[in-house]
2 protein chains.
Amino acid sequence: MSPILHALEKEKSKLSQLERKLAERILASPGDVVHMGITELAEQCSISPATITRFCKVFHFKGFPDFKVKLAAELAHSDAAPQDGNSSYQDIVAGNPLSVIVEAMQANHLASIRDTTSLLNIERLQAVISLLCSARRVDLYGMATSSIVAQDFYQKLVRIGVNCTAFADSHMQITSASSLAAGDVAFAISYSGETPETIDALTCAGASGASTISLTSYGSSTLATLAEFPLFSSSLEQGMRRGDMASRIAQLHIIDILFTGMVSSKFGDFIPKLEHSYLNVQQYRHKRGGSMQ
Amino acid sequence: MSPILHALEKEKSKLSQLERKLAERILASPGDVVHMGITELAEQCSISPATITRFCKVFHFKGFPDFKVKLAAELAHSDAAPQDGNSSYQDIVAGNPLSVIVEAMQANHLASIRDTTSLLNIERLQAVISLLCSARRVDLYGMATSSIVAQDFYQKLVRIGVNCTAFADSHMQITSASSLAAGDVAFAISYSGETPETIDALTCAGASGASTISLTSYGSSTLATLAEFPLFSSSLEQGMRRGDMASRIAQLHIIDILFTGMVSSKFGDFIPKLEHSYLNVQQYRHKRGGSMQ
DNA sequence: TGAGTATGAAAATAATTTTCTTTATTTATC
DNA sequence: GATAAATAAAGAAAATTATTTTCATACTCA
C-alpha cells in the first residue's frame, strides 16, 4: 500500500473524531478523492474545509492540492506495477524459493525509492541543502540501523570539507548537541522517529539554538514533530520480521539527493575538494600497494 | 511515455505558438509542473494563465488542476520504466535545479537495483546463503564506503545469532582472517574490487581454509577473481564526482536478498531470534524511557 | 472550573476560469 | 499587390471558485 494511505491507516487511531472520519473517507476511495475539490470532500464527510486543510498539514503536506497530487502519484504507482502489488510486502515466509525472494525484494526496493521521491517536498529539501551548505558545524545523530545512514552521510560530508560528526555513542551525542549554537545544524535519523537517544539529542540541539532536521519514515512521530525541517522516507513495512530494509535504502536515497544538491549548489567550492579527496586516496593506496607484499 | 506527454508531443505542431511554448515547457520537466500553480507556470513561459486554462481544455481536461492530478498519476507510472535510460547517469553539474537532481537520482537508483537483480546468479546466491547459514564464523571485510555495507550486514547477522564480525581496522581484518579455518566464511566487499586492504584480508582468509565470497561491482577485478563465490552489483558510474552512491544501494540490495534468503531457509531457527532481538530492544527502550526525565 | 483541544464560520487570500478586448494573422476581393 | 473582412490568438481584468487563515465557540478532560 502506498505510504500515504499506509500512514493514514496507521495514524487513524491517533486522530480526532472528525479527522478519523476524513481519513476513512479517503481510504475508502482514494482514487475519487484526488479528483475532488476540498469543498466537495468536506460536504461528503460533513465537516468543514478548514478541517481538511488542517488534516493535510498534520501529514506534512503543503495543503490540500499538494496532498492530492502526491496521493495521485502514489495511487498510480501501486496499480502501475500490480505484479509487485499482489506479492508485495509479504512477510518473510519459510522456505520461499529464492527467486520469489529476489522478486519481492526488488519490488520492495523499487517501490520504496519511488514512493520516497514522490513524497519529497522540494522547497524543504532546498532549505535543508542551504542550511547544510552554510552550517558552521553539522551533527549527525542515529542509532543502530540509522547509524549506518548517518555514517554514510558523514563519509560524504567529510569528503567535501563540511565540519561534521556522526556519533555512535549516545552520551557523546548529547554532549555534542549541548555545545551547538545558532548557525550549527543537527540532523537526526531514525526509522521510527521514536528512538529515545536520538530524540534527546535533537531536543538538546534545538535548545542550544541549532537548526534541527529529521529524517524518519513517513507518518507522525516525535522526532518529526520536534524538527524544524522534517524529511521523510517511505514506510512500506509494518512487521518486525522484515526489519527496516527498504527504509534504509529509501533514507540513503534521500542522503544522496541532499549530498548531490549540496555539491551542485556549491559546485566551485565542493568539486575541487571532492576530487582532491579522491586523488589522495588513490595515491595513498598506490604507494602502500607498492611497498607491500 | 505517458499518454498525456505523448499527446502533447504529437499535437505540438498543431498548436499555436504560445501553446507550443507551453507544451515544450511541460515536456521539459513534467515532474515540476505538477507541483506548480498556474500563475507560476504562466510566468515561466511568459504567457497568461488564461492561455494555460485554454490549453488544458484543448486536451479535454476540466482545467489546470485536473490536468495536474492526471499528469502526476501518469508520471508515476512512467518513471518506473527506463525511458530514464536516455538521460541517465549524467554527472553532477553546477547549479542544476533540485528537481533535475531528484529525477536523475531516482533514475540512477532504480536502474541500479534493476540491473543488479538481472545480473544475479541465483544458484550462486543460493550457495552463498547456505554457506552463511552453516558457517561457524563469518568475517566481513570492507573499507570506507564499503564498510557501511559491511556494518549493515553485520547488524543483520547479529540479530539472527550468526557469529560474525565486521572490521573497521585493516590490521584487525588480517589478524582475524589468519585465524579462520575450514567451515568459516570470509565475505569481502569493495566497489572497485581493488581495495588493497580488502584483497589482502580475503587472500589471507582463503589461505587459512575459509570459504571466500566477494561483492564487487560488475566486471573483472582482483577481488572477484580471488573469491570462490563472486557476487556482483551493477556499476553505473564511472566519474569520481558521482562517487559510489548507486553502487552502495545496489550492494545493500544484495545484502537484503542474502539476509532474507537466510532467514527464509532457516525459518524455524532464525525467526524466533529475530523476534527476540526486536522485543528486547523495545523493552529496553521502554524501561529507559520510563526512568528518564 | 479552567486549560487545552477540536471545530466551524466567516474573512482573507490565493488560484483558476471566464469574459471581454486587443492584437495578429489569414483570406477574399478588388 | 493592397486592403478590408473574418478568424484566430492572446492577454487584462473581472468574476468565480477554491483554499487557507483567523477567530470565536463548544467541547473535553483533569
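Chain identifiers are assigned alphabetically (A, B, ...) following the order of the sequence lines, protein sequences preceding nucleic acid strands; residue numbering begins at 1 within each chain. Values below: all heavy atoms of this structure, side chains included; hydrogens, waters and symmetry mates excluded. Predicted model only: the values in this text are computed from it and were never measured.
To the nearest angstrom, P of dA15(C) lies 13 Å from CG of Asp66(A). Separating the CD atom of Glu40(A) from the P atom of dT19(D) is a distance of 10 Å, rounded to the nearest angstrom. In this entry the distance linking CZ of Phe55(A) with P of dT19(D) reads 15 Å, nearest Å. To the nearest angstrom, P of dT17(D) lies 20 Å from CZ of Phe64(B). When rounded to the nearest whole Å, the span between CD of Glu19(A) and P of dA6(C) equals 7 Å. Put simply, CZ on Phe67(B) is 12 Å from P on dT17(C), counting in whole angstrom units. Residue Gln17(B) contributes atom CD, which lies 11 Å from atom C1' of dT25(C) at whole-angstrom precision. As a whole-Å value, the separation of Lys62(B) NZ from dT17(D) P is 15 Å.
Residue-level contact check: Leu18(A) touches the backbone only, with heavy atoms under 4.0 Å from sugar-phosphate atoms and none from bases. Across all strands, Thr53(B) comes closer than 4.0 Å to base atoms (heavy-atom distances). Looking at heavy-atom distances under 4.0 Å, Lys57(B) makes contact with sugar-phosphate atoms alone, never a base. Within 4.0 Å of Ile47(A), counting heavy atoms only, lie sugar-phosphate atoms of the nucleic acid but no base atom.
How far OG1 of Thr222(A) is from CG of Leu202(A): 11.0 Å, rounded to the nearest 0.5 Å.
When only modelled atom types and interatomic distance are considered, Ser221(A) and Glu194(A) share no side-chain donor-acceptor pair under 3.5 Å. Side-chain contact check for His109(B) and Asp256(A): at least one donor-acceptor pair (N or O, by modelled atom type) lies under 3.5 Å.
Within the 4.0 Å cut-off from OP1 or OP2 of dA6(C), not a single side-chain nitrogen or oxygen of Thr51(A) is found. Listed pair Ser16(A) / dT7(C) meets the phosphate criterion, a side-chain N or O lying under 4.0 Å from OP1 or OP2.
One finds a salt bridge joining Lys12(A) and Glu9(A) here, because a Lys/Arg side-chain nitrogen approaches an Asp/Glu carboxylate oxygen to under 4.0 Å.
Each of Phe59(A), Tyr218(A), Tyr191(A) was compared with Phe232(A) under the ring pair (Phe, Tyr, Trp, His ring centres under 6.0 Å) criterion, and only Tyr218(A) meets it.
Of the candidate nucleotides dT7(C), dA12(D), dT19(D), dT19(D) has the atom nearest to the side chain of Thr39(A). The Pro65(B) side chain lies nearest to dT17(C) when the options are dA10(D), dT17(C), dA18(D).
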